[in-house]
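Computed over heavy atoms, backbone and side chain alike; hydrogens, waters and symmetry mates excluded.
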There are 2 protein chains.
Amino acid sequence: MSRRIGIKDVAREAGVSAATVSLVLNDRATTRIPEATQDRVRRVASDIGYAPNTLARGLRTRRTHTIGFVSDRIATTPYAVRMIEAAQEAAREHAHLLFLVSTGGDPEVERSAIETLKSHQVDGFVYACMWHREVEVPAGLPAGSVLLDARPARGAYPAVVPDDRGGAVAAVQALVDAGHTRIAYLDVEEDPLPLASGLRLEGYLEVLARAGITPDAALHVRGASDAAGGMAAADRVLALPPEQRPTALFCFNDRLAMGAYAAARHHGLAIPTDLSVVGYDDQQLIAAELDPPLTTVALPHHEMGRWAVEVLLGVRDRPGPDETEDGVVLMPCPLIRRDSVGPPPTREPGRRRV
Amino acid sequence: MSRRIGIKDVAREAGVSAATVSLVLNDRATTRIPEATQDRVRRVASDIGYAPNTLARGLRTRRTHTIGFVSDRIATTPYAVRMIEAAQEAAREHAHLLFLVSTGGDPEVERSAIETLKSHQVDGFVYACMWHREVEVPAGLPAGSVLLDARPARGAYPAVVPDDRGGAVAAVQALVDAGHTRIAYLDVEEDPLPLASGLRLEGYLEVLARAGITPDAALHVRGASDAAGGMAAADRVLALPPEQRPTALFCFNDRLAMGAYAAARHHGLAIPTDLSVVGYDDQQLIAAELDPPLTTVALPHHEMGRWAVEVLLGVRDRPGPDETEDGVVLMPCPLIRRDSVGPPPTREPGRRRV
DNA sequence: CCGGACTGCTAAACCGATTAAGCACCTGCC
DNA sequence: GGCAGGTGCTTAATCGGTTTAGCAGTCCGG
């Protein structure tokens with residue numbers, strides 16, 4: 001193959017200097033170069049199929065139009081990937097390219113990935129987690145990097161996380177609004193507890209308090225973060241004596257909710273007639289497929305991913321202090337209403353199904 | 001911030017020329033430069049924190065150590081993302097970085113993404129689909145680009161797709177081995193039909209033929225690609241008269257299988273005692289969470305992703321013609337044995353459950 | 001007719017590396 | 001003493017652009 005077509009070729013063909021071509025194609029100092037010349041240059045450029053070499057340009061301008069997106073994992077939880085998709089989309093809208101690196105959470109890999117990206121002269125970094133976490137920002141991550149689904153243990157970085165507390169408030173409020181007063185929280189059991197666990201608990205308690213409902217410790221149960229754990233946990237609260245038994249379940253996530261459905265079935269309870277259930281995460285594969293479809297709270301992965309690169313590129317104003325908590329912005333988690341919430345049963349909590 | 005540390009700084013500090021530094025740090029022409037000097041250069045480089053500028057190097061050497069990964073989507077099906085993860089992992093192992101672009105399948109976006117990536121001088125392209133498809137390779141995609149989960153409609157490109165037919169063979173064979181002779185295929189209903197649908201049907205029929213089982217057209221049913229569709233389709237075959245009713249279901253995917261579980265429940269059939277079920281895709285969220293856990297066929301996303309970049313980088317030999325079909329390599333789909341397959345019921349297909 | 005301002009460009013340095021060509025010095029041999 | 005050959009580097013060109021400074025030429029006012 002012959003040499004790539006460069007700015008010089010355009011210059012020669014158009015009968016001007018390379019400098020002029022550069023000025024024209026970058027709309028620089030445009031006043032000084034007459035339209036006629038500009039048109040000619042542009043015509044020639046497109047005729048001979050000129051394409052700029054971003055490398056060369058970046059070398060000179062020190063802006064490469066690339067972003068390093070470093071993430072602990074990418075494929076753990078299915079929908080967190082939306083963050084990446086949204087980040088890439090936002091990057092594309094602003095003519096940037098995303099370098100994707102997943103480190104598996106290994107600090108050494110992380111460090112070396114950051115160095116590599118720096119040597120590629122990325123314009124900035126997004127440091128993402130696939131779970132809402134507090135992170136020790138890796139040494140070497142430049143100031144101004146933005147944190148995604150992570151809050152910095154120390155240091156000031158723009159950061160965005162889901163508003164787990166607000167999401168829980170919306171979920172539990174929906175239950176209260178439907179008339180429930182005995183609402184259980186099927187929490188997750190993990191070591192260490194995810195940040196979201198405590199935040200959602202706060203939201204849960206906040207709504208109860210506002211509604212004048214005294215929290216019942218027996219209604220806060222924990223289970224492993226899967227359907228089996230959800231089933232076991234739900235089973236415990238559903239086995240309580242009738243007057244103590246909850247009429248609604250707020251589940252830490254959709255998998256627990258899936259287990260709760262199974263437990264409800266075993267107890268002969270129909271959803272939402274006898275028991276209302278709200279999940280969290282809005283995992284389509286579960287939430288939409290369950291029978292009945294699960295009312296749940298969605299994680300704003302898309303919005304967060306977009307936010308991160310827009311802030312990084314400076315095309316979105318960083319929020320004022322009122323929108324943030326300790327400097328990290330809380331992205332709202334919308335309640336997705338489907339069919340698993342209804343009013344509490346009026347009398348006996350339902351008859352057995354066959 | 002002061003200027004970046006460059007090769008010249010190392011040169012000055014070590015008392016040699018920039019050329020020497022370059023030669024030493026790249027282990028070039030090493031015979032001509034004495035160990036003492038080399039050590040000194042390397043020491044200085046690390047002392048003053050020299051990091052090479054990959055852009056400058058790439059400009060000169062015409063190798064940027066970057067790969068363009070362009071994909072129709074990234075977040076549609078959760079586990080397909082593993083392809084990206086594996087591709088990135090393989091790239092990292094060979095000191096390459098991945099530019100991730102998702103185009104949403106829009107040809108115009110695709111075209112422009114490819115141009116952008118070219119202007120960034122990527123060393124090569126992976127063109128990926130999130131579903132096994134035949135694709136019209138976009139104009140502008142250079143020869144030598146590798147196709148991932150896609151087979152080219154025309155033109156010769158290295159390409160890898162899952163061996164859907166082989167996966168179906170494994171699945172149905174497991175059923176036959178368990179003793180089943182009446183095996184239904186719960187196929188997907190979509191327009192157009194995915195390639196996988198036909199291939200898995202071929203595998204299904206192949207096993208039946210080998211086992212001397214005459215296929216029963218009534219046992220090949222289609223449903224929408226979700227739990228509801230699976231339920232409806234399963235319902236149809238389970239409602240057949242006892243002597244025609246299948247004792248095992250091979251499902252196009254795990255979501256259909258999930259629906260089949262529900263249908264089985266409605267018919268009072270226990271899995272695997274009364275009915276055996278095999279899925280496809282191994283979507284953890286479904287397959288592992290179902291009760292009982294679903295035996296299914298896994299898509300080799302990880303292996304395919306890795307294959308693509310290894311072939312692109314020339315570190316893996318392209319397969320001989322025996323491993324391929326029309327020049328595209330078929331990556332095996334392993335059967336994941338869980339608990340949804342058992343021998344067919346001996347007499348009556350089970351009593352009603354309470 | 002001269003000087004200043006404006007117009008329309010170009011020359012050349014620069015970004016940070018790689019690399020081909022070659023220079024200066026030393027040694028050894030005839 | 002002269003020359004070949006080896007050693008240990010350096011010089012300078014190059015990759016493909018951007019950008020600053022400034023050069024010619026023209027116009028215009030005085």
Counting the atoms with a prime plus P, OP1 and OP2 as sugar-phosphate, which does A:Val16 contact under 4.0 Å by heavy atoms, base, sugar-phosphate, or nothing?
sugar-phosphate
Trace of the side chain to side chain contact (heavy atoms under 4.5 Å, CB included) decision for A:Phe69 with A:Leu148
CA-CA 10 Å; A:Phe69 189 106; A:Leu148 177 48; 3.8 Å; yes
Respond yes when some side-chain nitrogen or oxygen of B:Thr20 is under 4.0 Å from OP1 or OP2 of D:dC9, and no when none is.
no
For B:Thr54 and A:Ser119: C-alpha separation, side-chain torsions, deciding distance, then whether side chain to side chain donor-acceptor pair (under 3.5 Å) applies.
CA-CA 5 Å; B:Thr54 313; A:Ser119 92; 2.6 Å; yes
Hey, which sits more toward the 5' end of DNA chain D by its nearest nucleotide, B:Ala56 or B:Arg40?
B:Arg40
Identify whether any heavy atom of A:Ala11 sits under 4.0 Å from a base atom; if not, whether one sits that close to sugar-phosphate; answer base, sugar-phosphate or nothing.
nothing
Phosphate-side-chain proximity, B:Asn53 and C:dC15, N/O vs OP1/OP2 below 4.0 Å:
no
Can you find a side chain N or O atom of B:Thr37 that sits less than 4.0 Å from OP1 or OP2 on D:dC9?
yes
What do the steps show when you test A:Arg42 against A:Asp27 for salt bridge (Lys or Arg N to Asp or Glu O under 4.0 Å), and what is the final call?
CA-CA 11 Å; A:Arg42 275 191 263 265; A:Asp27 281 328; 3.5 Å; yes
At less than 4.0 Å, is any side-chain N or O atom of B:Ser22 found next to OP1 or OP2 of C:dT18? Yes or no.
yes
To the nearest Å, give me how far apart CZ (A:Arg63) and P (C:dC14) are.
23 Å
What nucleotide among C:dC15, C:dA17, C:dA12 has an atom nearest to a side-chain atom of A:Ala19?
C:dA12
Thinking salt bridges, do B:Glu89 and B:Arg92 make one under a 4.0 Å N-O criterion?
no
Would you mind telling me which of C:dG16, D:dT10, D:dT19 lies closest to the side-chain atoms of A:Thr61?
D:dT19
Round to a whole Å and report the spacing from CD1 of A:Ile7 to P of C:dA12.
17 Å
What I want to find out is whether A:Asp9 reaches A:Arg4 closely enough, with some N-O distance under 4.0 Å, to be called a salt bridge.
no
Nucleotide nearest A:Ile33 (side chain, heavy atoms from C-beta), chosen from C:dT18, C:dC9, C:dA13:
C:dC9
Specify the separation, in whole Å, of atom CZ of B:Arg4 and atom P of C:dA17.
7 Å
Could you please name the option among C:dT19, C:dC15, C:dC9 that lies closest to any side-chain atom of A:Pro34?
C:dC9
Could you check whether any side-chain heavy atom of B:Arg43 comes within less than 4.5 Å of a side-chain heavy atom of B:Arg40, counting everything from C-beta outward?
no
Just how far, in rounded Å, is C1' of D:dT19 from CG of A:Asn26?
11 Å
note: B:Gln121, atom CD; D:dG17, atom P; distance rounded to Å ~ 8 Å
Given atom NZ of A:Lys8 and atom P of D:dA13, what is their separation to the nearest angstrom?
13 Å
Would you please confirm or rule out a distance under 4.0 Å between OP1 or OP2 of D:dT18 and any side-chain N or O of A:Arg57?
yes
Any B:Arg28 side-chain N or O less than 4.0 Å from OP1/OP2 of C:dT19:
yes
D:dG17, OP1 or OP2 - any side-chain N/O from A:Tyr50 closer than 4.0 Å?
yes
For the pair made of CG in A:Leu55 and C1' in D:dG17, what is the distance, rounded to whole Å?
10 Å
Does B:Arg62 put a side-chain nitrogen or oxygen below 4.0 Å from OP1 or OP2 of D:dG16?
yes
Report the distance from atom CG of B:Leu59 to atom C1' of D:dA13, rounded to the nearest whole Å.
13 Å
